[in-house]
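Structure record follows, encoded as structure tokens.
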Amino acid sequence: VTVQQITLHYAHRIFFTEGVFAFGNETLLRALRDEGGAAAARARRVLVVVEAAVAYRHRALLGEIEAWFAREAAEFVLSVPPLVLEGGEPCKNHWPNVEQVWAAIHDAKIDRHSFVLAIGGGALLDLVGFASATAHRGVRHVRLPTTTLSQGDGGVGVKNGVNFFGKKNWTGSFAVPWAVVNDFAFLESLPASIRREGIIEAIKVALIRDAAFFEEMAGQVEGLRALDSAVLRRVIERSAALHVKHICTGGDAFELGSARPLDFGHWVAHKLEPLTEFRLSHGRAVAIGMAVDLLYARNVGMLSAADAERILAVIRGVGFSLWVDELAARDSEDGAWVVLRGLEDFREHLGGELTITLVTAPGHAHEVHTMDPPAILAAIEELRTRFAEE
Ligand SMILES: NC(=O)c1ccc[n+]([C@@H]2O[C@H](COP(=O)([O-])OP(=O)(O)OC[C@H]3O[C@@H](n4cnc5c(N)ncnc54)[C@H](O)[C@@H]3O)[C@@H](O)[C@H]2O)c1
Ligand SMILES: [Zn+2]
């Protein structure tokens with residue numbers, strides 16, 4: 001046997017800005033240039049893919065993109081006009097979309113020194129990220145997430161994928177983006193319910209990683225509930241930083257192990273989303289999933305009752321409901337609680353040993369490898385009794 005080591009270096013860069021294509025804003029220039037920041041020696045080609053809903057809500061966007069590239073033509077060239085694609089989850093269910101992005105990459109003559117830049121929600125970024133990672137075995141990909149959830153969580157990570165065999169993200173890869181640019185101006189056009197989504201992942205990552213950040217949000221429940229732009233921006237920025245810090249320094253960027261601390265509250269959520277036929281959004285499902293795991297942790301003596309109540313009050317305070325009827329769904333044949341099957345699904349999803357992250361105090365996570373069904377069901381019954389009528 002001969003054994004050699006391969007060591008790769010990646011810089012993961014997130015830029016925060018407002019009005020990225022505006023005259024005088026240099027963020028995108030810095031993002032497209034390499035880590036050192038030197039101007040590119042020769043002009044590089046760029047393909048831009050824009051989510052249709054974003055282009056529609058930001059009427060000037062396509063013109064601003066063309067104008068930006070006209071100004072920066074010495075370094076970066078828009079080789080074909082921006083490709084506008086429908087986004088949202090359905091875009092990940094339609095394989096021809098992948099081929100359409102490949103065709104655009106091909107027509108734009110994108111090579112491994114040029115760029116594919118995607119502007120849209122997490123679903124569109126997953127689609128374009130996957131096409132970019134597989135074209136020419138991976139071309140440079142720059143992401144501009146346009147939802148609170150993708151700016152704070154999904155869009156800043158190192159994964160991409162589309163749905164296949166009816167399974168979410170079955171086809172995909174790990175690929176570190178060349179850069180991520182979070183432009184807060186995009187968030188202004190989001191409907192309130194979608195704008196609220198990102199807050200729950202911020203609370204989640206604070207609970208497992210950063211007590212001070214949790215206290216900060218607890219002190220700003222009113223502003224968060226009102227979806228105040230300044231409060232939201234600060235929370236998204238901190239959430240993105242914590243998510244990426246975990247990915248980059250947690251020792252398992254490409255998820256080879258069985259633990260997935262960023263998936264706190266997600267085993268229930270992953271079950272509730274299909275059970276409700278996706279009527280329940282990811283964020284609302286995660287809020288309920290976290291509530292189950294918080295009361296569970298209290299039931300088994302890992303979390304104090306006072307902390308559990310305070311955390312639940314913050315989650316409700318920012319506008320998330322803690323109950324959905326499907327949480328109590330029973331199998332029509334054997335009467336078993338359907339949600340409990342989420343544990344085995346979650347184990348399969350991660351592979352290896354079941355690993356569930358629980359919170360023992362704000363900012364402190366603890367992993368367990370078994371959960372006690374009666375204590376889970378007691379948590380669910382309590383949520384029903386206290387919150388079902390709201
Ligand atoms: N790659 C990862 O690591 C990772 C992590 C978490 C989640 N995800 C994926 O991200 C996706 C969810 O992303 P999402 O929450 O951004 O949802 P989304 O992409 O489905 O967008 C939600 C809705 O908002 C619309 N929209 C997007 N930007 C808008 C804007 N600026 N103004 C108005 N409307 C806008 C979209 O058209 C869509 O209808 C899922 O497919 C999930 O699997 C990926
Ligand atoms: Zn999530």
Side-chain angles (χ1 to χ4, degrees), residues 10-21 25 27-35 44-55 58 61 65 68-69 76 78 82-85 87-89 91-92 97-98 101-102 104-105 108 110 112 114-135 138-162 169 172-187 190 197-198 201 236-237 239-241 243-245 247-248 253-254 262:
Y10 292 102
H12 190 299
R13 300 177 299 156
I14 312 182
F15 297 83
F16 298 90
T17 189
E18 180 168 4
V20 65
F21 296 107
N25 186 326
T27 311
L28 187 59
L29 205 54
R30 286 165 55 212
L32 288 174
R33 287 176 179 169
D34 64 20
E35 231 183 308
R44 312 235 182 228
R45 280 190 276 270
V46 183
L47 168 70
V48 177
V49 184
V50 184
E51 175 166 346
V54 178
H58 299 260
L61 180 62
I65 293 171
W68 189 94
F69 281 96
F76 299 104
L78 200 56
L83 170 67
V84 180
L85 283 183
E89 196 63 28
C91 84
K92 291 172 59 172
N97 283 340
V98 175
V101 179
W102 280 336
I105 291 173
I110 297 299
R112 306 197 70 235
S114 29
F115 301 86
V116 176
L117 195 150
I119 305 172
L124 182 97
L125 299 187
D126 266 358
L127 163 69
V128 179
F130 174 65
S132 306
T134 44
V139 296
R140 297 172 179 185
H141 176 44
V142 176
R143 293 189 205 162
L144 278 76
T146 60
T147 64
T148 53
L149 199 69
S150 58
Q151 287 197 357
D153 178 359
V156 299
V158 297
K159 294 186 278 187
N160 59 59
V162 297
N169 304 324
S173 78
F174 288 90
V176 182
W178 179 261
V180 180
V181 178
N182 275 350
D183 182 342
F184 293 130
F186 286 122
L187 305 180
L190 290 170
E197 291 280 290
E201 302 281 6
I236 296 302
E237 186 165 342
S239 180
H243 276 94
V244 171
K245 183 179 173 201
I247 294 168
C248 298
F254 288 177
L262 294 180

What is the minimum heavy-atom distance between F16 and A240, and which atoms define it?
CZ-CB, 4.1 Å
Looking only at heavy atoms, the pair that brings F76 and R33 closest together is CZ-N, 4.0 Å
Is there a side-chain contact between L85 and L127, using heavy atoms and a 4.5 Å cut-off?
yes
Spacing of L47 atom CG and S132 atom OG [to the nearest 0.5 Å]
7.5 Å
Minimum-distance pair of heavy atoms, taken over all atoms of V98 and A131:
O-CB, 4.2 Å
Euclidean distance, L190 CG relative to T146 OG1, rounded to 0.5 Å
6.5 Å
For the pair F15 and V142, evaluate side chain to side chain contact (heavy atoms under 4.5 Å, CB included) and give the outcome as yes or no after the intermediate values.
CA-CA 11 Å; F15 297 83; V142 176; over 6 Å; no
Interatomic distance, CD1@I105 vs NE2@H141, rounded to 0.5 Å, equals 9.5 Å
Find the distance between CG (N182) and CD (E237) and round it off to the nearest 0.5 Å.
8.5 Å
Can any side-chain N or O of N160 pair as donor or acceptor with the backbone N or O of S173 at less than 3.5 Å?
yes
Which residue, T17, I236, V20, forms the side chain to side chain contact (heavy atoms under 4.5 Å, CB included) with F184?
I236
Do L117 and I65 have side chains that get closer than 4.5 Å, going by heavy atoms?
no
For V46 against I110, the heavy-atom pair lying closest together:
C-CD1, 4.0 Å
Indicate the atoms forming the closest heavy-atom contact of R140 with R112, along with that distance.
NE-O, 3.4 Å
Taking G121's backbone N and O only, do any of them form a donor-acceptor pair with E51's side chain (distance below 3.5 Å, no angle check)?
yes
Is it the case that the side chain of R143 and the backbone of G157 share a donor-acceptor pair, with hydrogens and angles ignored and the cut-off at 3.5 Å?
yes
Report yes or no: does W178 contribute a side-chain atom to a donor-acceptor pair with the main-chain N or O of A31 at less than 3.5 Å?
yes
Verify side chain to side chain contact (heavy atoms under 4.5 Å, CB included) between T147 and E197, making sure each step is shown before the conclusion.
CA-CA 9 Å; T147 64; E197 291 280 290; over 6 Å; no
Please report the closest heavy-atom contact between A104 and L83, naming both atoms and the distance.
CB-CD2, 3.8 Å
Going by the angle between their ring planes, with limits at 30° and 60°, are W68 and F21 parallel, tilted or perpendicular?
perpendicular
Check whether R44 reaches the backbone of L32 with its side chain - one donor and one acceptor, N or O, closer than 3.5 Å.
no
When you look at H12 and V158, which way does the side chain to side chain contact (heavy atoms under 4.5 Å, CB included) test go after all the steps?
CA-CA 9 Å; H12 190 299; V158 297; 4.0 Å; yes
Return yes if a side-chain donor-acceptor contact under 3.5 Å exists between K92 and N169, otherwise no.
yes
Check for a donor-acceptor pair, side chain of S150 on one end and backbone N or O of G155 on the other, with a separation under 3.5 Å.
no
Distance in Å, R30 CZ paired with R13 CZ, rounded so as to fall on 0.5 Å steps
9.0 Å
Working to the nearest 0.5 Å, report the span between CG of N25 and CG of D183.
7.5 Å
Do F174 and I247 have side-chain heavy atoms sitting under 4.5 Å apart?
no
